[in-house]
Amino acid sequence: MSTERYNARTAEPKWRGIWDEKRIFETRNDDPRERYYVLEMFPYPSGRIHMGHVRNYTMGDVVARYKRAKGFNVLHPMGWDAFGLPAENAAMASKVHPKEWTYKNIETMKGQLKSMGLSLDWSRELATCDPSYYRHQQRLFVDFMKAGLVERRSAKVNWDPVDQTVLANEQVIDGRGWRSGALVEQRELTQWFLKITSFSEDLLTSLDHLDRWPDKVRLMQKNWIGRSEGLMLRWAMAPNALGVDELEIYTTRPDTLFGASFMAIAPDHPLARAAAEKDAKLAAFCDECRRMGTSVTAVETAEKLGYDTGLSAVHPLDPTWTVPIYVANFILMDYGTGAIFGCPAHDQRDFDFATKYGLPIKTVVRPRDAGADYMVGDTPFIDDGVMVNSLFLDGLSPDEAFDAIATRLEQTTLHGKAAALRKVNFRLRDWLISRQRYWGCPIPVIHCEACGSVPVPPADLPVLLPDDADFSKPGNPLDRHPSWKHVDCPSCGKPARRETDTMDTFVDSSWYFARFTDPWRTDTPTDPKVVDQWLPVDQYIGGIEHAILHLLYSRFFARAMKLTGHGGVEEPFRGLFTQGMVVHETYRSADGTYVTPAEVTITGEGEARIATLKGSNQPVEIGSIEKMSKSKRNVVDPDDIIDTYGADTARWFMLSDSPPERDVIWTEAGVEGASRFVQRVYRLTADIVARSSTQAVSHYGEEATLLRRAAHKALAAVENDIERLAFNRCVAHIYTLANAVGRTVEGVKGDGAVP
RNA sequence: GCGCACGUGGCGGAAUCGGUAGACGCACGAGACUUAAAAUCUUGCGCUUUCGGGCGUGCCGGUUCGAGUCCGGCCGUGCGCACCA
């Protein structure tokens with residue numbers, strides 16, 4: 001039995017040095033072997049890596065090394081998602097330039113990643129804040145613009161009052177900015193949009209083919225895109241002083257048309273605005289709605305309010321039947337046409353509204369098991385059933401009735417045109433990418449009074465960020481820079497104004513995986529041939545928090561890049577895996593402040609565990625287990641673990657026990673266990689090596705047969721589970737093998753002979 | 001409110017197709033080695049038992065020769081969406 005201990009501190013740097021020197025992880029594009037692209041979501045250089053990174057990159061590294069061992073030409077690159085607000089906030093707080101802050105963090109974090117011994121191709125490293133990257137992004141933007149995928153328009157947008165910038169819909173979570181947590185306000189602003197809605201249908205249907213994506217993510221994207229089939233239906237207006245003769249609405253329930261009892265329009269609807277000009281009370285009501293609409297949470301909790309305009313509309317299939325038109329606070333101007341017809345008996349909102357304003361509630365669908373005299377009572381009936389009180393629809397199911405009435409309305413004319421048109425609608429909105437901040441990719445456009453918004457000619461790219469920006473006060477440093485925005489129009493040569501908005505950082509991360517395929521190119525963003533050789537990424541690994549944001553934007557980008565000739569692949573990620581978080585207990589000292597695990601000593605077990613501050617007997621309260629975060633201070637620094645135990649132990653523990661898609665609880669005991677196993681493997685290996693060199697171990701003995709059987713069994717099991725990314729099960733198989741080896745080695749030690 | 005996922009020992013979890021429930025690890029108990037401790041090794045470890053066995057995968061019911069797994073209904077936890085007409 002060997003008593004020597006494995007010393008990670010000397011062994012790991014030695015091997016890392018050899019790997020670097022031999023450049024064994026650098027990948028050649030002209031390598032003829034079958035390709036395999038493994039990618040983990042690249043990090044934001046916030047300062048130091050955290051355990052979430054360790055887990056993420058360990059998983060990717062296992063896949064990369066496994067595929068390399070299987071003979072694939074593996075691409076496994078790393079880079080930096082380097083633009084973003086924290087750099088700018090740091091500049092405001094501590095007078096460091098965002099660039100300096102960012103590159104310093106990159107250096108630190110690169111050192112940390114290197115100490116993990118990952119099989120990364122560092123020759124392809126890129127940082128999105130580097131002009132050598134963002135110049136190509138500006139080129140993509142200009143090409144998208146020419147292809148009609150970019151739009152500048154005025155719209156109601158989400159304004160984050162803390163970060164002082166607008167946000168995309170996807171970046172507003174529960175009415176708050178995804179980064180700042182501030183309540184988001186609605187503001188009417190002229191902004192840049194990428195037309196992701198051009199691909200709504202395709203982004204939705206293609207989800208069906210992403211069979212190596214988690215169902216959960218596909219479902220989330222499906223719901224986010226939110227397809228509905230309905231009818232655009234024009235109603236004739238009863239004669240009125242405004243001179244308006246029709247109102248168009250969108251509905252997914254035309255089958256309930258004979259249950260209509262009112263119309264409702266958004267406060268911003270043109271008809272509402274026109275009516276408000278002649279009705280001061282209505283104008284006040286609309287203003288009130290807009291004020292309440294400034295915060296999204298206010299909208300969600302607000303009571304349904306309406307205002308009767310006095311106008312009315314004529315039922316499309318019964319000229320003697322008119323319904324009143326209300327302006328209502330719950331109607332959204334940017335979905336459908338901003339106008340609806342209300343059928344209180346079969347819709348909860350309409351029911352609430354009708355009850356409040358005393359409007360009729362007419363039952364037109366009854367449950368299948370209900371009698372003919374069924375009437376909707378305290379709650380609307382919204383399930384499947386049988387049509388009633390609806391003339392030619394009676395007896396049909398709502399689905400059949402949808403078709404029947406749609407066909408009838410398509411054949412009905414109003415003012416010389418078909419009254420109705422079948423229409424598919426989506427919940428997905430265009431992607432708002434303008435940000436009123438400095439540390440981002442400048443939008444390459446020049447505004448000219450004569451020529452409009454002119455894209456910067458490709459030859460003039462990149463539009464570089466000025467280094468001498470002023471971060472002393474809030475707001476956009478680019479906008480108040482004395483000279484940067486004053487340029488001549490590239491089209492007519494007259495004085496013009498540079499766009500001072502920068503792009504959302506999610507633009508930066510929407511195509512980096514394509515840039516990795518040929519990061520050395522200078523003339524174009526990509527070589528389409530090389531992109532097509534590597535993409536789609538075979539295995540992409542990252543956090544579930546990007547289920548919609550990054551993963552949807554990247555899918556859009558791949559399509560837009562295909563359209564503009566920068567690559568031929570529509571789906572960027574063939575296999576997706578979303579890993580769980582690294583969580584840890586939280587600790588609070590007597591005065592209520594959080595303390596880090598490193599400052600705490602724990603004694604006792606189970607219920608009797610007691611925590612005290614290290615070096616004193618001050619009690620510490622053990623709190624809930626939560627995601628490691630700076631604010632809760634429940635973080636364990638990967639550097640400390642790697643220094644103490646070595647990278648192998650840290651990585652082994654990360655993959656042990658917890659299934660990779662689930663959260664893993666970081667415990668000191670768990671790391672100790674992993675460390676013991678690393679030592680055990682070293683001892684067993686040393687024993688076997690020692691014995692095989694000093695003793696003539698029979699290759700045909702019973703011992704060898706048993707070992708061979710155990711080894712092959714483990715090999716098959718590990719291979720099977722690695723393909724399924726079931727790393728925790730791989731770990732278990734390797735433990736089983738080690739036990740078998742241990743038993744055999746111990747078994748023959750007694751007499752030193754093979755039995 | 002709507003949608004989705006998940007409930008297995010003290011703990012993390014395994015059981016790939018409906019076929020021995022609890023692999024593997026952690027923690028714990030006992031033993032060996034040691035002056036002692038650590039480390040290491042051996043061994044035990046779902047509950048219960050009259051030692052034959054009985055019970056057991058959130059709860060209730062169903063399908064099946066057979067259910068942790070499939071179906072229906074509850075309860076609980078987590079996540080996503082939330083006036084989308």
Side-chain angles (χ1 to χ4, degrees), chain A residues 1-3 5 169 173-175 214-228 230-233 249-254 256 263-266 293 296-297 299-305 328-343 346-350 352-353 379 382 425-429 544-545 547-548 578 580 605-607 609 652-653 655-659 661-677 679-680 683 714 717 720-721 723-724 726 728-739 742-743 745-747 749:
Chain A
M1 170 65 63
S2 169
T3 52
R5 283 179 65 82
N169 286 357
I173 294 151
D174 292 334
D215 289 342
K216 182 189 168 78
V217 175
R218 289 196 286 174
L219 185 69
M220 281 168 71
Q221 291 210 358
K222 188 176 171 226
N223 291 338
W224 187 262
I225 296 168
R227 184 181 195 273
S228 71
L231 212 60
M232 300 290 271
L233 174 61
I249 58 107
Y250 177 73
T251 178
T252 56
R253 291 295 303 272
T256 63
M263 312 280 281
I265 61 178
V296 177
T297 40
V299 172
E300 281 165 16
T301 52
E303 195 187 358
K304 284 168 189 47
L305 295 173
N329 64 343
F330 63 94
I331 305 299
L332 306 173
M333 189 57 224
D334 62 356
Y335 187 83
T337 63
I340 63 151
F341 83 83
C343 175
H346 307 288
D347 181 280
Q348 184 68 51
R349 280 173 323 225
D350 297 347
D352 295 346
F353 193 81
T379 51
I382 50 186
N425 230 311
F426 294 93
R427 187 183 166 280
L428 183 68
R429 300 273 81 93
I544 186 77
E545 67 273 19
I548 292 173
T578 52
E605 274 132 33
E607 300 281 297
R609 287 167 82 242
W652 184 255
F653 172 68
L655 300 181
S656 303
D657 298 342
S658 288
E661 69 277 10
R662 235 176 273 181
D663 291 351
V664 63
I665 303 171
W666 183 274
T667 63
E668 198 66 24
V671 187
E672 291 283 352
S675 176
R676 276 203 297 276
F677 182 70
Q679 294 297 340
R680 183 164 173 230
R683 279 195 312 275
N720 179 38
D721 282 334
E723 293 278 1
R724 299 169 46 182
N728 58 318
R729 306 202 313 183
C730 295
V731 167
H733 299 313
I734 292 167
Y735 273 118
T736 307
L737 174 62
N739 287 343
R743 262 194 304 279
V745 171
E746 292 301 317
K749 236 176 68 173

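Computed from heavy atoms alone, side chains included, the values below leave out hydrogens, waters and symmetry copies. Owing to the predicted nature of the structure, the values given are computational and were not obtained by experimental measurement.
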Check: Who are the side-chain hydrogen bond (donor to acceptor under 3.5 Å, both in side chains) partners of A:D352, not counting sequence neighbours?
Finding: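 Per chain and number, A:D352 pairs via side-chain hydrogen bond (donor to acceptor under 3.5 Å, both in side chains) with A:Q348.
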
Notebook entry, point to check: Got a sec, which residues hit side-chain hydrogen bond (donor to acceptor under 3.5 Å, both in side chains) with A:N739, two or more places apart in sequence or on another chain?
Noted result: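 Result, side-chain hydrogen bond (donor to acceptor under 3.5 Å, both in side chains) vs A:N739: A:R680.
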
Provide the distance between the two [atom1] atoms, one in [N] and one in [M], to the nearest whole Å.
N     : M     : atom1 : value
B:G9  : B:G22 : C1'   : 7 Å
B:U64 : B:A82 : C1'   : 42 Å
B:C60 : B:A67 : C1'   : 16 Å
B:G58 : B:A14 : P     : 14 Å
B:C79 : B:G13 : P     : 16 Å
B:C24 : B:A5  : C1'   : 25 Å
B:U20 : B:U69 : C1'   : 15 Å
B:G53 : B:C33 : C1'   : 40 Å

Based on the glycosidic angle (syn within 90° of 0, else anti), state the conformation of [N].
N     : result
B:G9  : syn
B:G52 : syn
B:C79 : anti

Rounding to an integer number of Å, can you tell me how far [X] [atom1] sits from [N] [atom2]?
X      : N     : atom1 : atom2 : value
A:L219 : B:C79 : CG    : P     : 17 Å
A:F677 : B:U40 : CZ    : P     : 13 Å
A:R662 : B:U8  : CZ    : P     : 9 Å
A:D350 : B:C83 : CG    : P     : 15 Å
A:I665 : B:G13 : CD1   : P     : 7 Å
A:M220 : B:A82 : CE    : P     : 10 Å
A:R218 : B:G80 : CZ    : C1'   : 16 Å
A:N223 : B:C79 : CG    : P     : 17 Å

Mind checking who [N] pairs with, Watson-Crick or G-U wobble, both distances under 3.5 Å?
N     : result
B:G10 : B:C26
B:C59 : B:G73
B:G66 : none
B:G80 : B:C2
B:G52 : none
B:A21 : none

Next item on the list: Taking side-chain contact (heavy atoms from CB on, under 4.5 Å) as the test, write out the residues that go with A:T251, two or more places apart.
Entry: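 Here the qualifying residues are A:L231, A:I249, A:R253, A:P254, A:F341.
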
Note to self: Going by the rule ring pair (Phe, Tyr, Trp, His ring centres under 6.0 Å), which residues pair with A:Y335 if we only count those two or more places apart in sequence or in a different chain?
What the structure shows: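 Per chain and number, A:Y335 pairs via ring pair (Phe, Tyr, Trp, His ring centres under 6.0 Å) with no residue.
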
Next item on the list: Output all residues satisfying ring pair (Phe, Tyr, Trp, His ring centres under 6.0 Å) with A:F426, sequence neighbours left out; order by chain, then residue number.
Entry: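 A:F426 satisfies ring pair (Phe, Tyr, Trp, His ring centres under 6.0 Å) with no residue once adjacent residues are dropped.
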
Next item on the list: Using only heavy-atom distances, determine whether the side chains of A:Y250 and A:S228 contain a donor-acceptor pair under 3.5 Å.
Entry: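 Judged by distance alone, the side chains do pair up.
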
Would you indicate whether the side-chain heavy atoms of [Y] and [X] approach each other to under 4.5 Å?
X      : Y      : answer
A:T337 : A:M232 : yes
A:F677 : A:V731 : no
A:V664 : A:D657 : no

Notebook entry, point to check: For A:R427 and B:C81, is the shortest distance between a side-chain N/O and OP1 or OP2 below 4.0 Å?
Noted result: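 For A:R427, the contact criterion (side-chain N or O under 4.0 Å from OP1 or OP2 of B:C81) is not met.
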
Note to self: It should be established whether A:R683 places a side-chain nitrogen or oxygen under 4.0 Å from OP1 or OP2 of nucleotide B:C41.
What the structure shows: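 Answer is yes, contact under 4.0 Å.
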
Next item on the list: Compare the minimum distances between each of B:A82, B:U16, B:C4 and the side chain of A:R724, then state the nucleotide with the smallest one.
Entry: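 The closest nucleotide is B:U16.
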
Item checked: 5' priority, RNA chain B, between A:A339 and A:A717 [closest heavy atom] ->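 Whichever sits nearer the 5' end wins; that is A:A717.
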
Margin query: Test your reading of the model: is there a side-chain donor-acceptor pair from A:N329 to the backbone of A:L305, 3.5 Å cut-off?
Written below: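 Side chain of A:N329 to backbone of A:L305, a donor-acceptor pair under 3.5 Å: yes, one is there.
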
Item checked: Per-nucleotide protein contact string for nucleotides 18-26 of chain B (B base, S sugar-phosphate only, - none; heavy atom under 4.0 Å) -> -----BSSS

Notebook entry, point to check: Considering only heavy atoms and no angle criterion, is a donor-acceptor pair shorter than 3.5 Å present between the side chain of A:N720 and the base of B:U16?
Noted result: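 Flag set: donor-acceptor pair detected.
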
Margin query: Students often get this wrong, so: under 4.0 angstrom with heavy atoms, is A:I331 touching a base, only sugar-phosphate, or nothing?
Written below: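 Answer is base: heavy atoms of A:I331 come under 4.0 Å of a base.
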
